Structure formats: structure tokens, C-alpha cells
Amino acid sequence: MARGYDFTRIEAKWQEVWEAQRLFAVTEDPARPKYYCLEMYPYPSGKIHMGHVRNYSIGDVVARYLTMRGFNVLHPMGWDAFGFPAENAAFEHGVHPARWTTDNIAYMKSQLRRMGFSYDWSREVTCCDPAYYRWNQWFFLKLLERGLAYRGRAPVNWCELCQSVLSNEQAEGGVCWRHTDTPVVQKELEQWFLKITAYVEELLGDLETLTGWPERVRVMQRNWIGKSVGAEVDFPLVDGGSLRIFTTRPDTLFGATFMVLAPEHPLALSLSAGTPRESTVREFVARMRRADRAVRTDATAEKEGVFTGASAVNPLTRERIPIWVANFVLMEYGTGAIMAVPAHDQRDFDFARLYRLPIRVVIQPPGGAQGSGESLEAAYEGEGSMVNSGAFSGMASEEGKLAVCQFLEEQGIGKRAVNYRIRDWLISRQRYWGTPIPIIYCDTCGSVPVPERDLPVILPPDVAITMSGGSPLARVEEFVRTTCPSCRRPARRETDTMDTFVDSSWYFLRFTSPHETTRPLDPGTVQYWMPVDQYIGGIEHAVLHLLYARFFTKVCRDLGLTGVSEPFSNLLTQGMVCKESYRCPEHGYRLPGEVDKQGRCTECQRPVEIGRTEKMSKSKRNVVDPDDLLERYGADTIRLFSLFAAPPEKDLEWSDEGVQGSFRFLSRVWRLVEDRAAWIRAARDLSWDDGVHAEAVRALRRVTHQTIARVTRDLEDAFHFNTALAALMELLNALNKFQEELGADPAPPRRNRVLAFAEGVSALVTMLAPFAPHLAEELWEMLGHRESIFRRPWPVADAALAQAETVEVVVQVNGKVRSRQHVPRGTAEDRLRELALADPRVQPWTGGKAVRKVVVIPDKLVNIVVTS
RNA sequence: GCCGGGGUGGUGAAACUGGUAGACGCACGGGACUCAAAAUCCCGCGGAGCUUCGCUCCAUGAGGGUUCGAUUCCCUCCCCCGGCACCA
């Protein structure tokens with residue numbers, strides 16, 4: 001009767017046991033150290049994909065490993081359940097977003113269970129549940145009270161496919177973050193904003209404390225915040241009034257030879273009004289306004305501008321300088337106007353050359369004079385010493401920045417100023433499937449917050465999703481029509497909903513007290529669990545979610561809900577899951593099944609191009625379906641492969657043969673334990689024989705304890721799952737060999753051998769448990785244990801047993817390996833030197849040559865340096 | 001252009017603080033078992049050369065440097081991936 005590794009039976013069995021025993025449910029326990037392990041929760045799009053499998057496999061190893069290390073581990077899961085695709089499905093298939101979402105959640109949850117992830121499902125959080133989103137509304141009201149939420153008119157990004165406005169973060173690079181081939185269009189609208197800029201200095205400064213984050217994520221956030229320090233300066237206009245500019249180089253003010261306005265700048269038109277230049281300027285501004293924003297702000301675009309006819313006065317040189325309007329100056333940054341210093345800014349330089357404007361050098365590079373203005377080939381943007389700068393000449397530019405600012409402040413024509421690239425967070429969305437913004441508009445009282453006692457403002461179930469014509473809620477009369485909370489007269493509700501990133505900005509906090517009904521969080525449990533010790537997810541949220549979540553955490557702190565300032569102590573951004581793709585010149589991307597063995601398209605017989613390995617996606621037809629793999633190999637194999645094939649932060653190349661290899665490994669473990677389970681059960685009643693153990697016993701124990709040390713180090717230091725698994729494979733190989741050498745006799749051999757073997761097998765199964773939990777549990781039971789392996793402590797390496805008794809010492813001559821010697825560990829340096837010099841294999845290389853030096857590294861190597 | 005991360009066999013990858021380059025896996029080749037296949041097991045597997053039970057030389061993107069010794073440290077250059085980019 002073939003027994004074999006029956007993963008289907010084993011996995012179902014243990015999933016049931018874990019659930020029945022509530023093995024992963026946790027409560028606060030001050031007696032034990034806590035560990036909060038979190039993976040980014042999924043959007044319930046229908047089915048999980050390999051990216052989820054990888055992300056959650058990593059998190060599960062961490063959670064299970066730390067549980068075995070004695071930590072009280074919180075490992076929750078939930079659903080990012082509001083969002084645009086639900087409405088899309090409603091529009092296309094006529095199924096209600098709520099129904100579509102709950103069906104998807106049910107299916108995806110069943111998939112996560114079948115993967116065997118150790119979530120505490122009693123803490124499950126679903127954002128589209130009023131019990132959750134009412135607190136989004138509550139937070140909104142609190143922010144409003146503190147002046148951190150406001151309604152304002154601003155140019156905003158509109159995505160035609162989303163039929164909604166987006167935040168700046170969601171429209172990075174001028175395209176919608178979800179529809180990356182759809183450019184956003186600018187609209188001037190009145191919308192709700194959260195004042196993330198009130199926390200900008202803290203968000204920037206605290207990045208320095210996030211030493212457990214990848215450097216690139218911190219850099220991306222730093223870039224996004226985009227702080228620049230400089231000055232604002234008022235340039236008097238010749239015809240009265242003044243023009244304010246922002247500059248980071250006040251030290252170059254003497255070199256400002258013209259000024260440039262953004263086309264949208266209010267002065268652009270008024271300065272030329274009623275002059276002969278009026279029509280030219282008007283035409284130029286109109287053309288720029290019409291131009292596509294992405295095209296206009298493209299760095300490679302030609303510079304273009306027109307003279308307004310007006311002039312300003314350089315406040316330091318007293319010279320009249322012309323004012324231009326040009327495409328390369330942006331209204332949304334600084335004051336929308338610049339002083340142009342062509343000698344020291346490449347953009348200004350290019351513009352000056354194009355329109356023959358004067359160039360004046362005011363910074364001399366250190367150690368070398370640069371040519372005079374007209375002969376320059378490029379702007380010098382570095383630091384140096386100030387020249388042609390009146391009383392400031394001779395000063396170092398770094399020092400000059402401060403000195404000029406001070407002078408401007410004394411004269412009352414300028415001041416130090418800081419500018420940021422980041423803008424406030426626009427949270428209004430013209431969509432249905434989101435949190436209603438709790439605001440009522442009254443003709444008498446204006447915009448009135450919904451009183452706290454009236455929360456939640458429930459999303460009405462009956463709505464027509466049309467995908468055009470603005471917020472769907474606006475057409476639900478029963479929802480819109482209400483009374484003003486303050487004057488009781490008829491009023492109208494806000495019909496926009498919140499950005500779904502509001503949900504994810506605090507869900508990790510909610511997991512610590514998911515059933516709280518009277519407040520969003522229980523400060524006591526938050527205090528116990530926060531911060532998240534390890535957060536794991538994709539790099540795509542480097543700026544979006546991770547920035548908003550940091551902001552919300554700081555707001556919660558200031559509301560007295562939490563004591564932490566930063567939510568995630570350690571961040572792991574896992575790499576993408578990739579696979580090679582096949583592309584037919586005629587039929588485009590092909591599925592593996594549509595390519596024959598000779599690598600030809602089954603449609604047209606043309607050879608397919610084997611594409612480079614790229615991120616799995618439906619359009620590239622290179623996805624693998626977790627359900628198929630579950631059926632063919634089981635959860636443990638999939639988990640194992642996705643952890644073994646590459647270190648977690650690197651991209652993982654999916655390989656069917658590799659999966660097969662992982663399955664083979666688990667099968668070998670299965671067979672080893674199944675074949676020898678009787679020995680091991682027998683070993684439980686034995687104790688070690690005193691006296692000197694046989695070399696085979698000592699050797700096996702050495703491997704066992706070395707493996708424990710290696711695996712523990714790999715998991716502890718940096719989540720090197722791939723090398724930890726490699727070590728476990730080596731241990732398996734050693735155990736197999738040992739067992740074979742003992743022969744086919746099923747009766748147990750002498751007790752030390754049995755004990756050494758049992759020790760090795762127990763260590764292997766225990767350490768494999770976080771990676772392949774079902775198999776480990778089953779084998780653990782087979783070995784005669786009644787309690788879950790996850791209630792067992794992680795094995796501890798015995799350093800004395802792990803130490804090799806003899807070591808291989810390499811003998812080099814002039815750095816080249818010439819011999820290897822086996823000597824007892826700890827052999828003295830003098831002895832090693834002697835042995836090396838006497839080594840017959842070394843002598844041909846040293847013979848007749850003067851030994852200049854002998855380098856000895858005990859237990860490692862001897863390097864004999866001879867004159868050649 | 002700027003900022004991050006990389007470049008190691010046929011391939012995915014290892015290599016602790018400078019100390020035996022290629023662990024572990026995949027693929028491949030050979031063999032065992034089998035009527036056969038699958039599965040399994042064993043052996044080999046960076047390249048070149050030689051006087052081939054072994055030995056020598058070359059080899060971690062390229063070129064230099066530091067060092068007794070460099071995949072690891074320093075300099076210059078090339079290439080790949082990711083992010084930002086007219087932000088004053």
C-alpha cells in the first residue's frame with residue numbers, strides 16, 4: 001500500500017486542527033514579549049495571485065518562527081474592501097459592489113486558509129463594514145476640529161477612467177496610479193483635503209529614525225516631500241507693486257539678469273495689459289494653458305517664452321531687469337515666479353542663450369576662474385566664492401546665502417523661506433464604493449459636520465452605477481436630502497466618498513482592538529502591540545500608503561490614541577514574482593500551452609520569442625494560478641519554493657522545475673521520517689551512553705547543531721530564508737546518509753546512534769515547521785508527540801557539539817592554495833607554521849627561495865610569502 | 001542628468017568581521033532499478049591545458065590600486081534594474 005506524502009489529506013487535517021484549537025488567536029500578555037507581524041492586506045479583487053502567496057509566505061515564516069521563539073505574536077489579516085474595481089464590476093456585470101466584494105472575500109479567504117497562513121482570524125477587519133468605516137468618518141471630524149481637514153479650491157488631477165479626482169501621490173508622473181497609460185487632466189475644483197503638510201517636518205525628520213526600512217523607500221519619501229531651503233525675495237516693479245520669487249540660491253542674487261513668470265501667474269497677463277505686447281503674451285499664455293500638462297512639464301521639452309514688456313528692479317544691483325513668461329516655470333511650486341541667474345542655473349542659462357539675455361558670473365568655482373558671461377558653455381551650479389556682488393564679494397557662497405538673507409530681512413524685502421514639493425492630501429472621490437464624507441451643506445449654516453452621535457453615515461445600498469456624470473450618491477435622493485444638524489432646516493449631504501487610502505492608513509492600529517465599538521481604538525491594547533515590528537509588502541506603496549500611514553499614526557498620537565510616532569519599525573519590500581513570457585510575432589503573448597515543444601506558436605507555427613523574465617501579469621500571459629499549484633503540489637511546496645528560490649527582497653523567477661524540486665525535498669523528508677519513525681519513538685525512552693561516542697555519532701550531532709546555529713542566524717539576522725532552507729537540505733542529506741549506513745534493519749541500532757539520529761530528525765522537523773507547517777505537524781505527530789509543534793520551543797544549538805574537532809587549514813604560497821592539512825582545532829600558530837613549511841606539497845614552491853614572511857590564521861590558513 | 005540597488009557556472013543563487021569562490025537547488029550527462037515508463041537512488045558537472053588515480057593555469061562586468069591575501073576595501077570606466085526629473 002503506497003502511503004507516501006499525501007499533502008491533500010495532511011493539509012486539510014491540520015488546517016482543521018489549528019482552527020479548532022484556535023492556535024493563532026492571541027491576547028495581550030504582559031508576561032511575554034510581544035511581536036507584531038503584518039503583511040499588507042489585499043484588495044479583494046477575486047483570487048489571490050502569486051505576489052500575495054509570496055508576501056504572505058514570508059510573513060507566515062516570520063510569525064511562526066517568532067512564536068516558537070517564545071514571542072506573543074500578533075499576525076492579523078483583513079480586506080482593503082473599498083475601491084474602484086467593485087464599481088466597475090457592478091457596471092459591467094450588474095452585480096452590486098457589496099455582493100461582489102463579499103463574494104471575493106469569501107473565496108480569497110478560503111485560499112488563504114488553504115495556504116495554511118497562521119492568521120488570527122478573530123481580528124479580521126473589512127473596510128467596507130460600517131463598523132470600520134464609521135471611524136474613518138470619526139477621524140475626519142477630529143481632523144476637521146483641529147483644522148487638519150479643510151475644503152479648498154485647487155487644481156486637481158482627474159482620471160477619466162476612474163471618473164474621479166486623485167491625490168497628487170496617485171497621479172505621480174502625470175498618470176493615474178491604477179491606469180498607468182491614462183494621463184490625468186487638471187481640473188480646478190473644490191474638494192476636501194487633509195493637511196499632511198502640517199506634519200511635513202516630522203515626516204521628513206523621522207525618516208532618519210527608520211533604520212529598519214530599506215534605504216530606497218526612505219529616499220523616495222524624502223524626494224516626494226522635496227524640501228528646499230532658500231529665501232523669498234520681493235522684486236520691486238518699475239511701474240509700481242512688486243513680484244515675489246522663491247530661490248534656493250540667494251547668494252546668486254547679484255547675477256539675476258531677468259525674471260520669469262509661470263503662464264498661470266496672475267501678473268503674466270496684467271503686466272502686458274494695454275501695451276503693444278498684450279496680444280503676444282495673451283496668445284502664449286492661452287497656448288500654454290491648453291497644452292497637455294505632461295508634455296509641458298517634460299524635462300526635455302524646448303524652453304519657450306515671451307517678454308511681457310515690463311521690468312523689475314534687482315533689489316541689490318538696482319538694475320532694471322526684464323520680466324518674461326515661460327513654459328518652464330510652474331505655478332504650483334514656490335511663488336510661480338523666479339529670478340533667473342543664467343550663469344549659475346542651467347535652465348536659466350539655456351533660456352538666456354535662446355533669447356540673448358545677459359549672463360553675469362557672480363560665483364567663482366573654487367580654485368579656478370571661469371570665463372566671463374558671454375563665453376560660458378554651461379552654467380556653474382556649484383558652490384564657490386562670490387564675485388561681482390558688492391559688499392558680499394569674496395564671501396563663500398554657503399556663507400553668502402545666510403548673509404544675503406540677513407540683509408534682505410533688514411531691508412524688509414525678503415526673508416528665509418522653505419518650500420516643499422508635497423501638497424495636502426486630496427481625499428474626495430466622485431465614487432460610490434467608499435466611506436461617505438460626513439458633511440452636510442446647509443444654505444444658512446454652510447458646511448456642517450455630521451455630529452458624532454449620528455455616525456456612521458451609512459452608504460445607501462440602492463444606487464445606480466453609471467461610470468459617468470459624477471458622484472453616484474448625488475443621484476440617491478433619500479441619501480442626499482437631510483436636515484441641517486445645527487438649524488434643522490432642509491440640507492444636502494456631501495456626495496463624495498473618501499480615498500480608500502484613508503482605510504489603510506490606520507487598519508494596522510485597528511487590528512489591536514478590532515471589536516471596539518465606542519471608539520476607534522483601545523489605547524491600552526494599542527500600547528501593548530504597537531508599533532508593528534515587521535511590515536511586509538510591495539514597493540509600490542513606498543510613497544502612497546506608507547506615507548499616509550505615517551501621517552495618520554502621528555495624528556492618532558496627537559489625539560491621544562497611541563503613544564507611537566512611527567507605525568512600522570521594520571519594513572521588508574519583497575521583490576516581484578516573475579516568469580518568462582512567450583510572444584508570437586503574429587499572435588502576441590502566448591500561454592505556455594500555446595507553444596509547442598519546438599518553441600513554435602500552435603496557431604501559426606512561427607517560432608515564439610522567449611521574452612525576458614518579467615512580472616507576472618494577465619496581459620503577458622505568464623501568470624501561474626495558486627489554485628492549480630495547490631492542487632498539484634499542496635501549500636507547503638508552494639510556500640517552500642517561493643521562499644527558497646530567491647532572497648525575499650529580490651525578484652523571484654518562477655520555475656516549474658524548481659517547484660518540482662521543492663516537492664522532492666519535502667517528499668524526501670517525509671520518507672525519511674516515515675521509514676524511521678519507529679526508531680525515533682523508541683529513542684524517547686533511552687538516554688545517552690556515557691563515555692566517548694563513535695565518530696559517526698559525533699559527526700552527525702555536529703551537523704545537527706551547526707545547522708541549528710545556521711538556520712537560527714539566517715532567520716534572526718535578515719530573513720535569509722533561502723540559505724536557511726539550504727542548510728536544512730544539507731541536514732536532511734546527512735541524516736539520510738547516516739540512516740543508510742546503519743542498514744536496512746528496522747530494529748533500532750545502538751542507543752547513541754538512535755539518539756543522535758532522533759535528535760537530528762527532531763531538529764529538522766522543528767526548523768522546517770515555519771516553512772512547511774502542515775508537513776511538520778504531521779511528522780511531529782508521527783514521531784509520537786501529541787502537542788502542536790508550534791507549542792514547542794525553537795531548538796538551541798550546543799556550541800560545544802557544533803564545534804569541529806579537526807579543521808582544514810589551507811596552505812598558501814604567495815596567496816595561492818598549494819595544500820590542505822587536517823589538524824586538531826586550536827593547533828598553535830607555531831605548530832601550524834612548522835607543519836606548513838614541512839609540507840611536501842608546499843616545498844616545490846618554496847624550495848630555494850627565501851621565506852620573507854609567514855602569515856598564520858589559526859584554524860584557517862597559513863600563507864608563506866617567498867621572494868620570487 | 002541625479003539618487004538607490006545590482007553585474008559570480010548552462011541556470012536560481014551561496015560565501016560570517018578581507019582568509020579554501022561556486023554551499024544548496026534546478027537543468028544537463030552517465031549509471032542502477034524496471035518488460036517499459038514514471039517515481040526513486042548513485043556518480044559527474046566553471047573553463048582551458050597537461051606527462052590525467054593527479055596536477056597546472058585562467059576565472060566573480062572591464063581596467064587600475066591597497067594588501068601576505070580582494071567577489072569583499074579604494075579609484076576610473078562599461079552595462080542592467082528601479083525611482084525621481086525644467087521643483088527655481
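Predicted, not measured: the structure shown is a model, and the values here were computed from it. All chains are named by letter (A, B, ...) in the order of the sequence lines, taking the proteins before the strands, and each is independently numbered beginning at 1.
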Undergrad: For A:Ser228 and for A:Met220, find the nucleotide of RNA chain B with the closest heavy atom, then tell me which residue's nucleotide is more 5'.
TA: A:Met220
Undergrad: Residues in salt bridge (charged side-chain N to carboxylate O under 4.0 Å, His left out) with A:Arg818, at least two apart?
TA: none
Undergrad: Near RNA chain B, which residues from residues 245-258 of chain A have a heavy atom under 4.0 Å away?
TA: A:Phe246, A:Thr247, A:Thr248
Undergrad: Distance check, P atoms only: B:G10 and B:G46, in whole angstrom units.
TA: 10 Å
Undergrad: Determine the contact category for A:Arg671: base if any of its heavy atoms lies under 4.0 Å from a base atom, sugar-phosphate if only primed atoms, P, OP1 or OP2 are that close, otherwise nothing.
TA: sugar-phosphate
Undergrad: Run the side-chain contact (heavy atoms from CB on, under 4.5 Å) test against A:Arg222 and tell me which residues pass, sequence neighbours left out.
TA: A:Leu204, A:Leu207, A:Glu208, A:Glu215, A:Arg218, A:Val219
Undergrad: Could you tell me which residues satisfy side-chain contact (heavy atoms from CB on, under 4.5 Å) with A:Val200, sequence neighbours excluded, listed by chain and number?
TA: A:Ile225, A:Tyr420, A:Ile422
Undergrad: Got a sec, which residues hit side-chain hydrogen bond (donor to acceptor under 3.5 Å, both in side chains) with A:Ser242, two or more places apart in sequence or on another chain?
TA: none
Undergrad: Does the side chain of A:Gln346 come under 3.5 Å of the side chain of A:Asp350 through a donor N or O and an acceptor N or O?
TA: yes
Undergrad: Can you list the residues that meet the side-chain contact (heavy atoms from CB on, under 4.5 Å) rule with A:Leu835, with sequence neighbours excluded?
TA: A:Gln821, A:Val823, A:Arg831
Undergrad: I'd like to check the side-chain hydrogen bond (donor to acceptor under 3.5 Å, both in side chains) partners of A:His705; sequence neighbours left out, ordered by chain and number.
TA: A:Glu759
Undergrad: Suppose we screen for side-chain hydrogen bond (donor to acceptor under 3.5 Å, both in side chains). Which residues come up paired with A:Asp345, at least two apart in sequence or across chains?
TA: A:Arg347
Undergrad: How does protein contact run along nucleotides 5-25 of chain B, one letter per nucleotide 5' to 3', with B for base contact, S for sugar-phosphate only, - for none, heavy atoms under 4.0 Å?
TA: -------BSS-B--BB--BBS
Undergrad: Using the C1' atom as the point on both nucleotides, what is the distance between B:U71 and B:G22, in whole Å?
TA: 11 Å
Undergrad: If you measure from the P atom in B:G83 to the same atom in B:A21, how many Å do you get, rounded?
TA: 39 Å
Undergrad: Considering only the C1' atoms, how many Å lie between B:C80 and B:C68, rounded to the nearest integer?
TA: 36 Å
Undergrad: Listed by chain and number, what are the side-chain contact (heavy atoms from CB on, under 4.5 Å) partners of A:Phe644, not counting sequence neighbours?
TA: A:Leu725, A:Ala726, A:Met729
Undergrad: Using a heavy-atom cut-off of under 4.0 Å over every strand shown, decide if A:Val543 touches base, sugar-phosphate, or nothing.
TA: nothing
Undergrad: As a test of your reading of the structure, name each stem of RNA chain B as range with range, where a stem is three or more consecutive Watson-Crick or G-U pairs at under 3.5 Å.
TA: B:1-7 with B:78-84, B:10-12 with B:24-26, B:28-32 with B:40-44, B:46-50 with B:54-58, B:61-65 with B:73-77
Undergrad: Under the rule for salt bridge (charged side-chain N to carboxylate O under 4.0 Å, His left out), what residues qualify as partners of A:Asp859, not counting sequence neighbours?
TA: A:Arg825
